[in-house]
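The next block holds one structure in the form of C-alpha coordinates; read it before the comments.
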Amino acid sequence: MIPVVRSLLETDLYKFTMWQALLHGHPNSITEYEFVCRNKPALMPLADLKAEVEEQLDHLCSLSFKEDELSYLRSLRYMKSDFVDFLTVFRFQRKFIHVSTEGESLVIHAAGPQVHVMAFEIFVLYIVNELYFRRAEQKAAWDEGCRRLGVKIAALQKFGAETRLRHPLEISDFGLRRRFSAAWHDEVVQRLAKEVPEYFKGTSNVYQAFRFGLVPIGTMAHEYMQSFQAFGVRLRDFQKAALEEWVQEYRGDLGIALTDVVGMDAFLDDFDLYFAKLFDGLRHDSGDPILWGEKAIAHYTALRIDSNTKRLVFSDGLDFDTAFRIYQHFANRIMVGFGIGTWLTNDMGVTPLNIVMKLIRCNGQSVAKLSDSPGKTLCKDETFLAYLRQVFHHTAS
(Lines give C-alpha, C1' and ligand atoms only; values in the text may rest on other atoms or scores of the structure.)
Protein backbone atom coordinates (compact mmCIF):
# COMPACT_ATOMS: atom_id res chain seq x y z
CA MET A 1 0.00 0.00 0.00
CA ILE A 2 1.45 3.36 -1.10
CA PRO A 3 -0.05 6.03 1.19
CA VAL A 4 -1.86 8.90 -0.50
CA VAL A 5 -1.93 11.19 2.54
CA ARG A 6 1.51 12.59 3.34
CA SER A 7 0.59 14.69 6.38
CA LEU A 8 -2.44 15.80 8.39
CA LEU A 9 -1.33 19.31 7.45
CA GLU A 10 -2.15 18.50 3.81
CA THR A 11 -5.66 19.89 3.72
CA ASP A 12 -7.19 23.21 2.74
CA LEU A 13 -6.57 26.16 5.05
CA TYR A 14 -10.26 26.86 5.44
CA LYS A 15 -10.68 23.46 7.09
CA PHE A 16 -8.45 24.64 9.93
CA THR A 17 -10.06 28.07 10.18
CA MET A 18 -13.62 26.67 10.25
CA TRP A 19 -12.52 23.87 12.59
CA GLN A 20 -11.16 26.38 15.09
CA ALA A 21 -14.25 28.57 14.99
CA LEU A 22 -16.62 25.61 15.40
CA LEU A 23 -14.53 24.05 18.19
CA HIS A 24 -14.73 27.33 20.09
CA GLY A 25 -18.38 28.08 19.37
CA HIS A 26 -20.14 24.74 18.91
CA PRO A 27 -17.96 21.90 20.22
CA ASN A 28 -20.86 19.49 20.80
CA SER A 29 -22.44 19.56 17.35
CA ILE A 30 -23.18 16.19 15.70
CA THR A 31 -22.96 16.10 11.90
CA GLU A 32 -23.16 13.87 8.83
CA TYR A 33 -21.18 14.24 5.59
CA GLU A 34 -21.77 12.39 2.31
CA PHE A 35 -19.51 11.74 -0.68
CA VAL A 36 -21.01 12.33 -4.15
CA CYS A 37 -19.57 11.89 -7.66
CA ARG A 38 -21.42 14.18 -10.07
CA ASN A 39 -20.09 12.75 -13.34
CA LYS A 40 -19.54 9.25 -14.77
CA PRO A 41 -15.98 8.00 -14.23
CA ALA A 42 -14.28 7.11 -17.51
CA LEU A 43 -11.44 4.86 -16.28
CA MET A 44 -13.36 2.53 -13.96
CA PRO A 45 -16.37 2.41 -11.63
CA LEU A 46 -15.50 4.08 -8.33
CA ALA A 47 -17.03 1.11 -6.49
CA ASP A 48 -13.94 -0.86 -7.55
CA LEU A 49 -11.85 1.37 -5.29
CA LYS A 50 -13.64 0.38 -2.07
CA ALA A 51 -10.94 -1.89 -0.61
CA GLU A 52 -8.15 0.57 -1.41
CA VAL A 53 -10.11 3.50 0.02
CA GLU A 54 -10.65 1.52 3.23
CA GLU A 55 -6.91 0.85 3.41
CA GLN A 56 -6.07 4.52 2.87
CA LEU A 57 -8.56 5.59 5.56
CA ASP A 58 -6.93 3.15 7.99
CA HIS A 59 -3.63 4.88 7.23
CA LEU A 60 -5.18 8.34 7.65
CA CYS A 61 -6.51 7.36 11.08
CA SER A 62 -3.02 6.31 12.17
CA LEU A 63 -1.54 9.77 11.59
CA SER A 64 -1.00 12.60 14.04
CA PHE A 65 0.42 16.09 13.65
CA LYS A 66 4.20 16.44 13.88
CA GLU A 67 5.87 19.02 16.08
CA ASP A 68 7.20 21.12 13.19
CA GLU A 69 3.72 21.13 11.63
CA LEU A 70 2.15 22.31 14.88
CA SER A 71 4.82 24.99 15.20
CA TYR A 72 3.96 26.18 11.71
CA LEU A 73 0.26 26.43 12.60
CA ARG A 74 1.17 28.39 15.73
CA SER A 75 3.07 30.83 13.53
CA LEU A 76 -0.16 31.82 11.76
CA ARG A 77 -1.43 34.74 13.81
CA TYR A 78 -5.10 33.78 13.50
CA MET A 79 -4.54 30.27 14.91
CA LYS A 80 -5.24 30.21 18.64
CA SER A 81 -2.98 28.37 21.04
CA ASP A 82 -5.77 26.24 22.51
CA PHE A 83 -6.81 25.02 19.05
CA VAL A 84 -3.27 23.94 18.20
CA ASP A 85 -3.11 22.24 21.60
CA PHE A 86 -6.24 20.31 20.60
CA LEU A 87 -4.52 19.26 17.37
CA THR A 88 -1.52 17.88 19.31
CA VAL A 89 -3.75 15.06 20.58
CA PHE A 90 -6.10 14.81 17.59
CA ARG A 91 -6.46 11.61 15.57
CA PHE A 92 -9.17 10.69 13.11
CA GLN A 93 -11.44 7.98 14.50
CA ARG A 94 -12.11 5.17 12.02
CA LYS A 95 -15.49 4.41 13.61
CA PHE A 96 -16.84 7.74 12.34
CA ILE A 97 -16.43 6.97 8.62
CA HIS A 98 -17.98 4.14 6.61
CA VAL A 99 -17.35 3.00 3.03
CA SER A 100 -19.75 0.88 0.96
CA THR A 101 -20.97 0.53 -2.62
CA GLU A 102 -24.27 0.87 -4.48
CA GLY A 103 -23.91 -0.70 -7.91
CA GLU A 104 -20.97 1.05 -9.56
CA SER A 105 -21.09 3.96 -7.10
CA LEU A 106 -18.80 4.45 -4.13
CA VAL A 107 -20.62 5.45 -0.94
CA ILE A 108 -18.69 7.22 1.81
CA HIS A 109 -20.50 8.49 4.87
CA ALA A 110 -18.95 10.26 7.87
CA ALA A 111 -21.02 10.85 10.99
CA GLY A 112 -20.16 11.93 14.51
CA PRO A 113 -19.06 15.00 16.48
CA GLN A 114 -18.40 17.78 13.99
CA VAL A 115 -14.96 18.55 15.39
CA HIS A 116 -13.99 14.92 14.75
CA VAL A 117 -15.54 14.35 11.32
CA MET A 118 -15.49 17.69 9.48
CA ALA A 119 -11.85 17.35 8.51
CA PHE A 120 -12.37 14.03 6.67
CA GLU A 121 -13.69 15.82 3.57
CA ILE A 122 -10.54 16.98 1.78
CA PHE A 123 -8.60 13.82 2.61
CA VAL A 124 -11.39 11.59 1.29
CA LEU A 125 -11.60 13.56 -1.94
CA TYR A 126 -7.94 13.45 -2.82
CA ILE A 127 -7.61 9.84 -1.67
CA VAL A 128 -10.37 8.82 -4.11
CA ASN A 129 -8.93 11.05 -6.82
CA GLU A 130 -5.37 9.79 -6.57
CA LEU A 131 -6.37 6.13 -6.36
CA TYR A 132 -8.55 6.59 -9.43
CA PHE A 133 -5.91 8.37 -11.49
CA ARG A 134 -3.27 5.77 -10.65
CA ARG A 135 -5.18 3.77 -13.29
CA ALA A 136 -4.24 6.29 -15.98
CA GLU A 137 -1.08 5.91 -18.06
CA GLN A 138 1.24 7.93 -15.86
CA LYS A 139 4.00 9.05 -18.23
CA ALA A 140 1.59 10.11 -20.97
CA ALA A 141 -0.53 12.04 -18.47
CA TRP A 142 2.52 13.73 -16.90
CA ASP A 143 3.95 14.73 -20.26
CA GLU A 144 0.60 16.15 -21.40
CA GLY A 145 0.15 17.95 -18.09
CA CYS A 146 3.61 19.54 -18.43
CA ARG A 147 2.85 20.63 -21.98
CA ARG A 148 -0.46 22.20 -20.96
CA LEU A 149 1.03 23.86 -17.88
CA GLY A 150 3.73 25.44 -20.02
CA VAL A 151 1.08 26.88 -22.35
CA LYS A 152 -0.88 28.21 -19.37
CA ILE A 153 2.14 29.90 -17.80
CA ALA A 154 3.04 31.51 -21.13
CA ALA A 155 -0.53 32.78 -21.51
CA LEU A 156 -0.44 34.24 -17.99
CA GLN A 157 2.87 35.98 -18.67
CA LYS A 158 1.60 37.39 -21.97
CA PHE A 159 -1.67 38.64 -20.47
CA GLY A 160 0.12 40.19 -17.52
CA ALA A 161 2.60 41.98 -19.75
CA GLU A 162 -0.15 43.39 -21.98
CA THR A 163 -2.70 44.35 -19.31
CA ARG A 164 -2.33 47.21 -16.87
CA LEU A 165 -5.35 47.92 -14.66
CA ARG A 166 -5.71 49.67 -11.33
CA HIS A 167 -5.54 46.51 -9.23
CA PRO A 168 -3.07 43.61 -9.73
CA LEU A 169 -3.88 40.18 -11.12
CA GLU A 170 -3.60 37.59 -8.33
CA ILE A 171 -3.89 33.83 -8.82
CA SER A 172 -3.97 31.15 -6.10
CA ASP A 173 -4.03 27.35 -6.22
CA PHE A 174 -7.28 25.82 -4.91
CA GLY A 175 -6.75 22.39 -6.49
CA LEU A 176 -5.93 19.98 -3.66
CA ARG A 177 -9.24 18.11 -3.50
CA ARG A 178 -9.31 17.05 -7.17
CA ARG A 179 -5.62 16.81 -7.99
CA PHE A 180 -4.16 14.15 -10.27
CA SER A 181 -1.49 13.25 -7.71
CA ALA A 182 0.62 14.75 -4.96
CA ALA A 183 3.68 14.78 -7.21
CA TRP A 184 1.84 16.67 -9.94
CA HIS A 185 0.40 19.15 -7.43
CA ASP A 186 3.91 19.85 -6.14
CA GLU A 187 5.11 20.37 -9.71
CA VAL A 188 2.32 22.87 -10.45
CA VAL A 189 2.74 25.08 -7.40
CA GLN A 190 6.53 25.10 -7.57
CA ARG A 191 6.54 26.06 -11.23
CA LEU A 192 3.97 28.80 -10.66
CA ALA A 193 5.95 30.13 -7.69
CA LYS A 194 9.18 30.12 -9.71
CA GLU A 195 7.98 31.29 -13.12
CA VAL A 196 5.13 33.73 -12.31
CA PRO A 197 5.69 34.90 -8.71
CA GLU A 198 4.26 38.33 -9.52
CA TYR A 199 0.85 36.72 -10.14
CA PHE A 200 0.93 33.54 -8.03
CA LYS A 201 0.00 34.49 -4.48
CA GLY A 202 -0.29 31.17 -2.66
CA THR A 203 -2.10 27.88 -2.18
CA SER A 204 -4.99 26.52 -0.15
CA ASN A 205 -2.80 23.46 0.60
CA VAL A 206 -1.32 24.13 4.06
CA TYR A 207 1.31 21.39 3.75
CA GLN A 208 2.66 22.86 0.52
CA ALA A 209 2.61 26.34 2.01
CA PHE A 210 4.67 24.97 4.91
CA ARG A 211 7.12 23.00 2.72
CA PHE A 212 7.65 25.53 -0.05
CA GLY A 213 7.41 28.81 1.84
CA LEU A 214 4.12 29.88 0.22
CA VAL A 215 1.22 31.87 1.62
CA PRO A 216 -1.68 29.65 2.77
CA ILE A 217 -4.97 30.94 1.32
CA GLY A 218 -8.56 30.47 2.53
CA THR A 219 -11.26 31.58 4.92
CA MET A 220 -14.60 29.73 5.08
CA ALA A 221 -16.63 27.19 3.09
CA HIS A 222 -20.33 26.40 2.79
CA GLU A 223 -20.35 23.91 5.68
CA TYR A 224 -19.53 26.66 8.18
CA MET A 225 -22.48 28.80 7.11
CA GLN A 226 -24.81 25.81 6.68
CA SER A 227 -24.09 24.55 10.20
CA PHE A 228 -25.77 27.64 11.60
CA GLN A 229 -29.05 26.49 10.03
CA ALA A 230 -29.08 23.94 12.88
CA PHE A 231 -27.52 25.92 15.73
CA GLY A 232 -30.77 27.15 17.25
CA VAL A 233 -30.95 30.62 15.73
CA ARG A 234 -34.00 31.64 13.70
CA LEU A 235 -33.47 30.21 10.20
CA ARG A 236 -33.87 33.65 8.63
CA ASP A 237 -30.94 34.86 10.78
CA PHE A 238 -28.46 32.00 10.28
CA GLN A 239 -26.16 33.95 7.92
CA LYS A 240 -25.92 36.93 10.27
CA ALA A 241 -25.20 34.61 13.19
CA ALA A 242 -22.45 32.83 11.24
CA LEU A 243 -20.83 36.07 10.10
CA GLU A 244 -20.99 37.55 13.60
CA GLU A 245 -19.29 34.52 15.18
CA TRP A 246 -16.60 34.68 12.47
CA VAL A 247 -15.95 38.33 13.25
CA GLN A 248 -15.68 37.60 16.96
CA GLU A 249 -13.35 34.64 16.36
CA TYR A 250 -10.95 36.34 13.93
CA ARG A 251 -11.36 40.05 14.71
CA GLY A 252 -10.19 41.37 11.36
CA ASP A 253 -8.26 38.41 9.98
CA LEU A 254 -9.64 36.08 7.28
CA GLY A 255 -12.12 38.64 6.05
CA ILE A 256 -13.55 37.09 2.88
CA ALA A 257 -17.20 36.04 3.24
CA LEU A 258 -18.85 33.29 1.17
CA THR A 259 -22.05 34.51 -0.45
CA ASP A 260 -23.94 31.66 -2.13
CA VAL A 261 -25.29 29.44 0.65
CA VAL A 262 -28.81 30.74 -0.01
CA GLY A 263 -27.99 32.88 -3.05
CA MET A 264 -26.33 36.25 -3.53
CA ASP A 265 -29.50 38.32 -3.19
CA ALA A 266 -30.40 36.81 0.18
CA PHE A 267 -26.80 37.19 1.31
CA LEU A 268 -26.71 40.89 0.48
CA ASP A 269 -29.94 41.40 2.43
CA ASP A 270 -27.98 40.29 5.52
CA PHE A 271 -24.65 41.89 4.60
CA ASP A 272 -25.38 45.30 6.05
CA LEU A 273 -23.04 48.25 6.68
CA TYR A 274 -21.67 46.61 9.82
CA PHE A 275 -20.52 43.46 8.02
CA ALA A 276 -19.57 45.28 4.82
CA LYS A 277 -17.08 47.39 6.78
CA LEU A 278 -15.77 44.51 8.89
CA PHE A 279 -15.18 42.02 6.06
CA ASP A 280 -12.49 42.67 3.44
CA GLY A 281 -14.55 41.22 0.63
CA LEU A 282 -16.63 38.41 -0.83
CA ARG A 283 -16.10 35.04 -2.54
CA HIS A 284 -17.99 33.88 -5.63
CA ASP A 285 -18.61 30.14 -6.03
CA SER A 286 -21.72 29.80 -8.22
CA GLY A 287 -23.80 31.71 -10.75
CA ASP A 288 -22.77 34.28 -13.35
CA PRO A 289 -19.54 35.88 -12.04
CA ILE A 290 -20.07 39.18 -13.86
CA LEU A 291 -23.64 39.60 -12.62
CA TRP A 292 -22.53 38.60 -9.12
CA GLY A 293 -19.63 41.07 -9.11
CA GLU A 294 -21.83 43.91 -10.34
CA LYS A 295 -24.28 43.19 -7.52
CA ALA A 296 -21.41 43.29 -5.01
CA ILE A 297 -20.09 46.63 -6.26
CA ALA A 298 -23.59 48.11 -6.37
CA HIS A 299 -24.10 46.98 -2.77
CA TYR A 300 -20.88 48.62 -1.61
CA THR A 301 -21.78 51.79 -3.51
CA ALA A 302 -25.24 51.91 -1.92
CA LEU A 303 -23.55 51.66 1.48
CA ARG A 304 -21.17 54.50 0.51
CA ILE A 305 -18.14 52.22 0.68
CA ASP A 306 -15.39 52.74 -1.90
CA SER A 307 -15.28 49.42 -3.76
CA ASN A 308 -11.56 49.94 -4.46
CA THR A 309 -10.95 49.17 -0.77
CA LYS A 310 -12.68 45.79 -1.06
CA ARG A 311 -11.87 42.47 -2.76
CA LEU A 312 -13.80 39.93 -4.81
CA VAL A 313 -12.47 36.36 -4.91
CA PHE A 314 -13.64 34.08 -7.73
CA SER A 315 -13.36 30.30 -7.36
CA ASP A 316 -16.07 28.63 -9.45
CA GLY A 317 -14.54 26.21 -12.00
CA LEU A 318 -12.08 28.76 -13.37
CA ASP A 319 -9.48 28.61 -16.11
CA PHE A 320 -7.17 31.46 -17.09
CA ASP A 321 -9.34 32.69 -19.96
CA THR A 322 -12.32 33.09 -17.62
CA ALA A 323 -10.14 34.70 -14.95
CA PHE A 324 -8.69 37.15 -17.49
CA ARG A 325 -12.17 38.13 -18.68
CA ILE A 326 -13.39 38.73 -15.12
CA TYR A 327 -10.22 40.63 -14.25
CA GLN A 328 -10.59 42.97 -17.23
CA HIS A 329 -14.20 43.64 -16.30
CA PHE A 330 -13.62 44.52 -12.63
CA ALA A 331 -9.99 45.34 -11.83
CA ASN A 332 -10.31 49.11 -12.32
CA ARG A 333 -13.13 49.24 -9.76
CA ILE A 334 -12.36 46.62 -7.08
CA MET A 335 -9.51 44.32 -6.04
CA VAL A 336 -9.90 40.82 -7.46
CA GLY A 337 -8.36 37.41 -6.80
CA PHE A 338 -8.80 34.01 -8.44
CA GLY A 339 -8.69 30.59 -6.79
CA ILE A 340 -8.12 28.04 -9.55
CA GLY A 341 -8.48 24.34 -8.84
CA THR A 342 -8.99 21.35 -11.13
CA TRP A 343 -7.84 23.19 -14.26
CA LEU A 344 -4.39 23.59 -12.70
CA THR A 345 -3.99 20.36 -10.75
CA ASN A 346 -5.82 17.84 -12.94
CA ASP A 347 -5.72 18.92 -16.59
CA MET A 348 -3.74 15.95 -17.90
CA GLY A 349 -5.72 14.73 -20.90
CA VAL A 350 -7.90 12.43 -18.76
CA THR A 351 -11.42 13.56 -17.77
CA PRO A 352 -11.36 14.72 -14.11
CA LEU A 353 -13.78 13.42 -11.51
CA ASN A 354 -16.39 15.89 -10.27
CA ILE A 355 -16.50 14.75 -6.65
CA VAL A 356 -17.62 16.47 -3.46
CA MET A 357 -18.18 15.52 0.17
CA LYS A 358 -20.81 17.75 1.72
CA LEU A 359 -22.42 18.38 5.08
CA ILE A 360 -25.98 17.01 4.91
CA ARG A 361 -27.19 17.01 8.52
CA CYS A 362 -26.30 18.86 11.72
CA ASN A 363 -27.71 18.15 15.18
CA GLY A 364 -30.33 15.83 13.72
CA GLN A 365 -31.74 18.17 11.10
CA SER A 366 -31.12 18.68 7.41
CA VAL A 367 -28.97 21.57 6.19
CA ALA A 368 -28.66 22.77 2.61
CA LYS A 369 -27.05 25.12 0.13
CA LEU A 370 -29.29 26.92 -2.37
CA SER A 371 -26.72 27.47 -5.08
CA ASP A 372 -26.80 30.20 -7.71
CA SER A 373 -25.89 27.48 -10.25
CA PRO A 374 -28.26 24.65 -11.31
CA GLY A 375 -27.21 21.22 -10.09
CA LYS A 376 -25.10 22.33 -7.12
CA THR A 377 -27.86 22.08 -4.51
CA LEU A 378 -27.26 18.93 -2.44
CA CYS A 379 -30.06 17.98 -0.07
CA LYS A 380 -32.41 15.00 -0.12
CA ASP A 381 -34.88 16.56 2.29
CA GLU A 382 -37.32 18.22 -0.10
CA THR A 383 -39.47 19.56 2.75
CA PHE A 384 -36.54 21.44 4.27
CA LEU A 385 -35.41 22.67 0.84
CA ALA A 386 -38.88 24.05 0.14
CA TYR A 387 -38.96 25.78 3.52
CA LEU A 388 -35.47 27.25 3.02
CA ARG A 389 -36.46 28.57 -0.41
CA GLN A 390 -39.61 30.09 1.03
CA VAL A 391 -37.78 31.83 3.87
CA PHE A 392 -35.17 33.33 1.53
CA HIS A 393 -37.43 33.83 -1.53
CA HIS A 394 -35.14 31.61 -3.60
CA THR A 395 -36.21 29.98 -6.85
CA ALA A 396 -35.49 26.26 -7.34
CA SER A 397 -32.19 25.22 -8.97
Side-chain angles (χ1 to χ4, degrees), residues 14 18 22 25-26 29-40 98 100 102-103 105-114 117-118 120-122 124-125 177 220-246 257-271 282-289 291-292 295 315-317 353-397:
Y14 67 25
M18 293 187 295
L22 291 168
H26 304 274
S29 297
I30 304 297
T31 51
E32 297 177 41
Y33 292 76
E34 189 170 77
F35 170 88
V36 175
C37 181
R38 292 168 169 161
N39 63 344
K40 183 173 176 60
H98 178 72
S100 60
E102 290 181 4
S105 298
L106 185 66
V107 178
I108 305 176
H109 188 83
Q114 188 167 29
V117 300
M118 64 178 292
F120 273 118
E121 176 199 359
I122 306 300
V124 166
L125 293 176
R177 65 189 57 211
M220 66 177 73
H222 299 96
E223 68 179 294
Y224 172 77
M225 301 286 283
Q226 286 174 243
S227 296
F228 282 79
Q229 296 170 3
F231 282 168
V233 300
R234 193 173 66 134
L235 185 60
R236 180 63 188 83
D237 296 330
F238 87 87
Q239 292 189 115
K240 289 183 282 189
L243 294 173
E244 179 62 30
E245 285 204 17
W246 193 266
L258 185 61
T259 66
D260 70 332
V261 177
V262 287
M264 180 61 161
D265 293 338
F267 176 84
L268 292 179
D269 286 343
D270 290 338
F271 198 67
L282 306 173
R283 178 160 76 91
H284 170 268
D285 200 50
S286 65
D288 184 316
L291 177 62
W292 176 90
K295 286 182 178 181
S315 61
D316 182 26
L353 295 175
N354 186 353
I355 53 176
V356 295
M357 189 168 183
K358 295 299 184 184
L359 175 67
I360 57 170
R361 294 177 69 80
C362 181
N363 293 336
Q365 74 175 62
S366 295
V367 297
K369 174 180 73 168
L370 300 178
S371 174
D372 285 324
S373 293
K376 277 196 167 185
T377 296
L378 289 180
C379 181
K380 297 176 181 177
D381 187 340
E382 291 296 334
T383 301
F384 178 70
L385 273 177
Y387 178 49
L388 194 62
R389 290 189 181 108
Q390 180 183 20
V391 167
F392 289 98
H393 309 291
H394 193 284
T395 55
S397 64

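All values below come from the heavy atoms of this structure, side chains included, with hydrogens, waters and symmetry mates left out.
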Given the side-chain rings of F392 and F267, with only the six-membered ring counted for Trp, is the space between their centroids under 6.0 Å? no

Check whether any side-chain heavy atom of L359 sits under 4.5 Å from a side-chain heavy atom of K369, and report yes or no. no

Got F35 and V356 here, is their nearest side-chain heavy-atom distance under 4.5 Å? no

Atom CE in M220, atom CG in L258: separation rounded to 0.5 Å? 7.0 Å

Applying side-chain contact (heavy atoms from CB on, under 4.5 Å), run through F228 and V367 and close with a yes or a no. CA-CA 9 Å; F228 282 79; V367 297; over 6 Å; no

So, do Y224 and W246 sit near enough that their side-chain heavy atoms are less than 4.5 Å apart? yes

Contact check, side chains of Q226 and K358, non-hydrogen atoms, under 4.5 Å: no

Is the shortest side-chain heavy-atom distance between N363 and F231 below 4.5 Å? yes

For the side chain of Q365 and the backbone of Q229, is there at least one donor-acceptor N/O pair under 3.5 Å apart? yes

Using side-chain heavy atoms (C-beta onward) and a distance below 4.5 Å, is H394 in contact with L388? no

Stepwise, does the side-chain contact (heavy atoms from CB on, under 4.5 Å) test hold for W292 with T259? CA-CA 10 Å; W292 176 90; T259 66; 2.9 Å; yes

Please determine which of D269, L282, L291 meets the side-chain contact (heavy atoms from CB on, under 4.5 Å) test together with M264. L282

Could you pull out all residues at least two apart from N354 that satisfy side chain to side chain donor-acceptor pair (under 3.5 Å)? R178

To the nearest 0.5 Å, how far apart are NE2 in H284 and CG in D288? 7.0 Å

I need the L235 CG to D237 CG distance, nearest 0.5 Å. 9.0 Å

Taking atom CG of L125 and atom CD1 of I355, what is their separation to the nearest 0.5 Å? 5.0 Å

Who pairs with D265 by salt bridge (charged side-chain N to carboxylate O under 4.0 Å, His left out), at least two apart in sequence or on another chain? K295

Shortest non-hydrogen contact between L353 and C37, atoms and distance: CD2-SG, 4.5 Å

Between Q114 and S227, does the side-chain contact (heavy atoms from CB on, under 4.5 Å) criterion hold? Intermediate values first, please. CA-CA 10 Å; Q114 188 167 29; S227 296; 3.0 Å; yes

Do you know the tightest heavy-atom contact between D381 and S366? OD2-OG, 2.9 Å

Smallest heavy-atom separation, A110 atom then V117 atom, equals CB-CB, 4.4 Å

Rounded to the nearest 0.5 Å, how far does CG of L385 lie from CD of Q390? 13.0 Å

Is D260 salt-bridged to R283, cutoff N-O under 4.0 Å? no

Just do the side-chain contact (heavy atoms from CB on, under 4.5 Å) check on Y33 and E223 with the steps written out, would you? CA-CA 10 Å; Y33 292 76; E223 68 179 294; 2.6 Å; yes

Could you go through the side-chain hydrogen bond (donor to acceptor under 3.5 Å, both in side chains) check for H109 and E32 one step at a time? CA-CA 7 Å; H109 188 83; E32 297 177 41; 3.2 Å; yes

Check whether any side-chain heavy atom of M118 lies under 4.5 Å from a side-chain heavy atom of L22, and answer yes or no. yes

Hey, are the side chains of T31 and R361 touching, using non-hydrogen atoms and a 4.5 Å cut-off? no

Considering all heavy atoms, the nearest A266-Q239 contact: O-NE2, 3.5 Å

